[in-house]
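Encoded as structure tokens, the structure appears first; notes follow it.
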Amino acid sequence: MHGEYKVPGGKLVVVDVETDDGVLRQVRVAGDFFLEPDEALDAVNDALEGAPADTDAAGLAARIDAALPPGTAMYGLTSEGVAIAVRRALAHATDWTDYDWQLIHDGPQSPALHMALDEVLTAEVAAGRRPPTLRVWEWASPAVIIGSFQSLRNEVDAEGAARHGVEVVRRISGGGAMFVEPGNTITYSLSVPEALVQGLSFQDSYAYLDDWVLGALGDMGIRAWYQPLNDIATDQGKIAGAAQKRIVGPGGGPGAVLHHVTMSYDIDADKMLEVLRIGREKLSDKGTKSAKKRVDPLRRQTGLAREAVIERMIESFDGRYGLSEGKVTDEELVRAEQLARTKFTAPEWTARVP
């Protein structure tokens, strides 16, 4: 069995392993990491040899830590990263490069249709009718998007939203509220087979699916990192938030994961405060300490137009994993439009948590 895992902000760890009578055998760890002294690699392999095959990642990491020679130095490598690679091998996890990725980047669409497209496209990936997909969103109108489990009245100032013509929609994933206007954020979705995150904890799957965009930001001169559970941050504060939803496959079989991210490009903070019921402490977490006119981490830190940032991100993904131009099929669009009408604009859904 073969498993791979790229340590967030680090290097690739590769594990080949067999099992015999419920224990790990012939464990071989490799990768492009740095490890001193040389014999530390043998210690890692020996620590894993004979471990019960059902040992979780934390237990495997503890075995590795206990076996490392004094003074061991790891660069781009962690005990947890090795353990996760082992779990992914045992779970027969796939890798990014095992798939033919498709890009969807259409013109501006309504907030409700975006919510519906996420659900429909991810269900199609779960059913095996659509390849893994990167979809970049364009917004037709301003919106507040609240998480699946958030209270509508606690998160949104209804009068402020009406005054500014801001539509309120609820998405299918958890997490917090986000405020968007056309041109002020960069939003994208990944709809991926569940096999891509096999062997990863829920938290680790966020870091794993965010890693490519950290590299893309790095290419633009931004040192960014994953901040548990679902944020991307720089030394100037939070610049993005992610959310996920797991969708079961047909007949309860292997499904798909929706992972979407909204990045702050250039937000009107004053308007956001009039629409969202958030305090100054939460605003500070987004990169500013007071209600300023703009919250513009990506615009300021890259010096690039929003369109150029998106282009660089797409190029980075393509360079890593390959990416072909795609589109929403006619059938998918019909289903999404119906779902937008019957679910995502319906008060029963939007106010399901009043």
Side-chain angles (χ1 to χ4, degrees), residues 1-8 10-19 24 27-31 48 53-58 60 80-104 117-135 172-174 188-215 226 229-230 242-261 317-318 320-324 326 329 332:
M1 290 169 281
H2 180 86
E4 298 185 1
Y5 178 66
K6 185 179 181 300
V7 177
K11 298 293 186 176
L12 181 68
V13 182
V14 180
V15 172
D16 292 287
V17 61
E18 303 297 333
T19 60
L24 305 185
V27 183
R28 293 293 178 267
V29 176
L48 295 171
D54 60 356
T55 307
D56 64 14
L60 294 174
E80 293 79 8
V82 175
I84 290 171
V86 172
R87 294 307 319 165
R88 285 177 58 76
L90 297 173
H92 300 284
T94 56
D95 186 66
W96 296 83
T97 53
D98 292 332
Y99 300 103
D100 295 323
W101 290 87
Q102 187 173 109
L103 170 69
I104 295 176
L117 284 168
D118 262 0
E119 182 168 335
V120 169
L121 297 182
T122 308
E124 287 297 285
V125 172
R129 293 188 292 263
R130 159 168 286 283
T133 300
L134 167 65
R135 184 171 73 92
I172 61 174
S173 62
Y188 68 86
S189 300
L190 288 169
S191 296
V192 307
E194 187 179 29
L196 184 62
V197 297
Q198 284 291 340
L200 299 177
S201 68
F202 190 73
Q203 176 173 316
D204 288 333
S205 72
Y206 274 85
Y208 184 70
L209 294 176
D210 280 339
D211 188 68
W212 75 273
V213 81
L214 300 184
Y226 163 73
L229 170 64
N230 62 332
Q244 285 188 6
K245 176 67 177 179
R246 309 295 171 102
I247 292 181
V248 177
V257 178
L258 167 66
H259 179 92
H260 45 200
V261 174
F317 192 103
D318 186 23
R320 286 168 173 249
Y321 312 125
L323 196 59
S324 62
T329 68
E332 289 168 341

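Computed from a predicted structure; not experimentally measured.
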- Message: For Gln198, is there any backbone N or O sitting under 3.5 Å from a side-chain donor or acceptor partner on Arg88?
- Response: yes

- Aromatic ring pairing Trp101/Tyr321, orientation class (parallel under 30°, perpendicular over 60°, tilted between): tilted

- Query: So does Arg320 pair up with Asp211, basic N to acidic O under 4.0 Å?
  - Reply: yes

- Message: Given 3.5 Å as the limit, does a donor-acceptor pair link the side chain of Thr122 with the main chain of Val257, or not?
- Response: no

- Give the intermediate values and the outcome of side-chain contact (heavy atoms from CB on, under 4.5 Å) for residues Lys245 and Glu119. CA-CA 9 Å; Lys245 176 67 177 179; Glu119 182 168 335; over 6 Å; no

- Message: What I want to check is whether the side chains of Thr329 and Arg129 have a donor and an acceptor closer together than 3.5 Å.
- Response: no

- Message: Do Gln203 and Tyr226 have side chains that approach each other closer than 4.5 Å (heavy atoms only, starting at C-beta)?
- Response: yes

- Could I get the full list of side-chain contact (heavy atoms from CB on, under 4.5 Å) partners for Asp95, not counting sequence neighbours? Glu4, Thr97, Asp98, Tyr208

- Query: Can you name the one residue among Asp16, Val13, Leu60 that meets side chain to side chain contact (heavy atoms under 4.5 Å, CB included) with Val86?
  - Reply: Leu60

- Item | Over 12 foreign heavy atoms within 6.0 Å of CG, Asp318 | yes

- Hey, does Thr19 have a side-chain heavy atom less than 4.5 Å from the side chain of Leu24? yes

- Message: Main chain of Ala243, side chain of Asn230: is a donor-acceptor contact present, judged purely on distance under 3.5 Å?
- Response: no

- Message: Quick check: do Val213 and Tyr188 have side-chain heavy atoms less than 4.5 Å from each other?
- Response: yes

- Item | Minimum-distance pair of heavy atoms, taken over all atoms of His260 and Ser189 | CB-OG, 3.5 Å

- Query: Heavy atoms, side chains only, cut-off 4.5 Å: are Val17 and Leu48 in contact?
  - Reply: no

- Derivation of the side-chain contact (heavy atoms from CB on, under 4.5 Å) call for Leu121 and Ile104: CA-CA 11 Å; Leu121 297 182; Ile104 295 176; 4.0 Å; yes

- Query: So, do Val197 and Gln244 sit near enough that their side-chain heavy atoms are less than 4.5 Å apart?
  - Reply: no

- For residues Ser205 and Arg246, report the shortest heavy-atom separation together with the two atoms involved. OG-NH2, 3.0 Å

- Rounded distance (nearest 0.5 Å) linking atom NE2 of His259 with atom CG of Asp210: 3.5 Å

- Check whether any side-chain N or O of Tyr5 sits under 3.5 Å from a backbone N or O of Glu80 as a donor-acceptor pair, and report yes or no. no

- Do you know which of Val125, Ile172, Val192 makes side chain to side chain contact (heavy atoms under 4.5 Å, CB included) with Leu258? Ile172

- Please name the pair of heavy atoms, one in Pro193 and one in Pro132, separated by the smallest distance, quoted to 0.1 Å. CD-CG, 3.5 Å

- Query: Judged by atom type as modelled, is there a donor-acceptor pair below 3.5 Å linking the side chain of Thr94 to the main-chain atoms of His92?
  - Reply: no

